[in-house]
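Okay, so here's the structure we're looking at.
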2 protein chains.
Amino acid sequence: MSITVLVVEDEPAIQDLISYNLKKSGLTPICASNAEQATVMINNVLPDLVLLDWMLPNMSGLEFARQLRRNTRTQVIPIIMLTARIELEDKISGLEAGADDYITKPFSPRELTARIKAVLRRRIPEISDEIIEAGGLRIDPATHRVLAYCDDSCSKYNEVKLGPTEFRLLHFLMAHKERVYTRTQLLDRIWGDHVFIEDRTVDVHIRRLRKVLEKVNKDNLVQTVRGTGYRFSSEKSAYDEE
Amino acid sequence: MSITVLVVEDEPAIQDLISYNLKKSGLTPICASNAEQATVMINNVLPDLVLLDWMLPNMSGLEFARQLRRNTRTQVIPIIMLTARIELEDKISGLEAGADDYITKPFSPRELTARIKAVLRRRIPEISDEIIEAGGLRIDPATHRVLAYCDDSCSKYNEVKLGPTEFRLLHFLMAHKERVYTRTQLLDRIWGDHVFIEDRTVDVHIRRLRKVLEKVNKDNLVQTVRGTGYRFSSEKSAYDEE
DNA sequence: GTGATTTGTCACAAAATTGTCATCTTATTT
DNA sequence: AAATAAGATGACAATTTTGTGACAAATCAC
């Protein structure tokens with residue numbers, strides 16, 4: 001499945017440039033030169049993201065953004081605005097229109113793709129309702145329950161009581177078990193992008209999660225990777241040795 | 001091995017100035033006055049970096065940059081654009097052309113070489129999440145685990161416990177195995193460039209790395225190249241013979 | 001509303017990591 | 001073989017990172 005980006009930009013040179021760089025990053029660009037064209041295209045394919053020039057003929061980028069936000073179907077699509085440096089003061093009105101990020105021209109390709117990826121990453125985390133089992137734990141997002149098996153037979157178990165955040169944290173870590181995430185990554189993916197929150201807060205939630213898991217004898221499932229972050233793993237961690 | 005920089009600049013005075021400064025920094029300049037010349041040169045020698053004036057006769061710098069990006073062979077070569085300040089402020093300014101950085105004229109020699117080095121350095125540290133195996137070791141950046149196999153069958157192994165720096169050091173050396181790096185290079189690549197750390201500190205970290213590897217019988221993987229630096233190799237080193 | 005629960009932050013404790021030194025070893029040169 | 005240079009090694013203090021309990025604000029349930 002490919003990720004499509006609707007590029008709304010009237011200047012052909014910049015359009016080409018953006019197209020080129022998106023393709024290089026494995027994204028699929030769909031281009032429109034003005035708001036009218038873009039509106040038509042949106043009716044065909046729902047893009048995963050809109051890259052929108054601030055200055056557009058006829059309708060301003062701002063106006064188009066508002067239009068997107070008004071429609072239920074397009075409401076959730078993230079928008080990145082392209083603006084010239086001088087226009088930057090209008091940032092506030094752009095925010096009101098619901099842009100998720102800004103890129104000021106001139107920009108480097110690196111910056112372009114970095115921002116796009118950041119915004120895409122921040123999207124509501126994939127809420128899969130799949131039941132996940134690992135390390136003697138079973139998490140069921142649909143019923144919002146976590147069971148801790150007492151032994152290998154699946155007969156005896158305890159239910160684990162978690163707060164909302166602890167639940168999401170455990171769910172995320174279990175869904176990507178073995179993989180290490182930094183505190184910032186966890187904040188981005190679990191808390192969302194309103195990151196006014198300290199990195200260290202993650203520690204505290206990890207701590208709370210661990211505390212609950214300890215009560216059902218599921219220690220060491222949530223492991224610290226010093227200097228990096230945390231990981232869910234049913235394997236023993238080298239850091240746990242003494 | 002010398003690092004070559006293709007300088008595309010029509011004004012002889014500036015060309016000379018740049019040439020002079022590049023040489024002084026140990027880089028090898030190749031000069032061209034226009035895009036046509038530059039195209040020919042590129043066919044002869046692939047430069048490590050292109051320093052490109054924005055304003056060129058016949059073909060604009062932007063156009064030449066695009067041309068480079070279109071060709072697979074030259075696609076990855078970093079480009080630094082030279083632009084007058086007035087052009088930069090201009091909306092149409094084409095830094096977006098796929099340049100990796102830009103320098104506004106007038107510039108100081110110090111800035112010139114600093115930018116070049118920064119861009120060149122950025123080239124390599126693409127730390128991918130790829131699993132690397134070599135010499136009976138397996139390093140997995142995603143899970144942040146290092147396994148040492150006990151024998152050739154991949155069945156038995158020990159996990160190796162490394163501190164953050166040791167991990168990065170091992171990862172870097174394994175990612176470029178067989179290749180020798182000086183202490184300064186290692187400091188630049190692993191610690192970052194703005195550090196004011198003694199060269200000797202690298203020795204200590206190498207030592208720590210070795211110590212851990214010895215515990216799992218993986219001696220001689222990190223080898224000393226006397227008078228130069230260190231290298232990761234699964235081959236025996238000539239220095240280890242007696 | 002009231003009381004329970006959840007949440008983010010802080011302060012302090014505990015633990016691990018890191019850079020530097022002084023001192024040995026080992027190689028290279030003279 | 002002595003002198004010199006380069007690297008190895010162990011110790012150590014400073015710094016950084018993480019763990020942990022407490023607390024107040026915010027939220028939720030009723």
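In what follows, every chain begins at residue 1, and chains take the letters A, B, ... in the order their sequences are listed.
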Exercise for review: Please say which of B:Arg183, B:Gln223, B:Arg179 ends up in a side-chain hydrogen bond (donor to acceptor under 3.5 Å, both in side chains) with B:Tyr230.
Suggested key: B:Arg183
Atom-pair distance ([atom1] on [X]; [atom2] on [N]), nearest Å:
X        : N      : atom1 : atom2 : value
B:Glu214 : D:dT9  : CD    : C1'   : 11 Å
B:Asp219 : D:dA8  : CG    : P     : 14 Å
B:Ile206 : D:dA6  : CD1   : P     : 18 Å
A:His144 : C:dT6  : NE2   : C1'   : 13 Å
B:Arg183 : C:dT20 : CZ    : C1'   : 15 Å
A:Glu166 : C:dG8  : CD    : P     : 10 Å
A:Asp203 : C:dA14 : CG    : P     : 17 Å
A:Glu198 : D:dT18 : CD    : P     : 15 Å

**Study point:** Close side-chain approach of A:Val5 and A:Pro29, heavy atoms under 4.5 Å
**Key:** no
Point to revise | Beyond-backbone contact of A:Val212 with A:Lys161, side-chain heavy atoms, under 4.5 angstrom | key: no
Using OP1 and OP2 only, check whether a side-chain N or O of [X] sits under 4.0 Å from [N].
X        : N      : answer
A:Arg210 : D:dG19 : yes
A:Arg226 : D:dT16 : no
B:Trp191 : C:dG19 : yes
A:Thr224 : D:dT18 : no
B:Thr201 : C:dT20 : yes
A:Tyr230 : D:dG19 : yes

Check your understanding: Side chain of A:Val204: nearest nucleotide among C:dT17, D:dT20, C:dT7?
Key -> D:dT20
Check your understanding: Which of parallel (below 30°), tilted (30 to 60°) and perpendicular (above 60°) describes B:Tyr181 and B:His176?
Key -> perpendicular
Review point. Is the A:Phe167 ring parallel, tilted or perpendicular to the A:His144 ring (thresholds 30°, 60°)?
Key: parallel
Point to revise | Residue mapping more 5' on DNA chain C - nearest nucleotide basis, A:Arg208 or A:Arg200 | key: A:Arg208
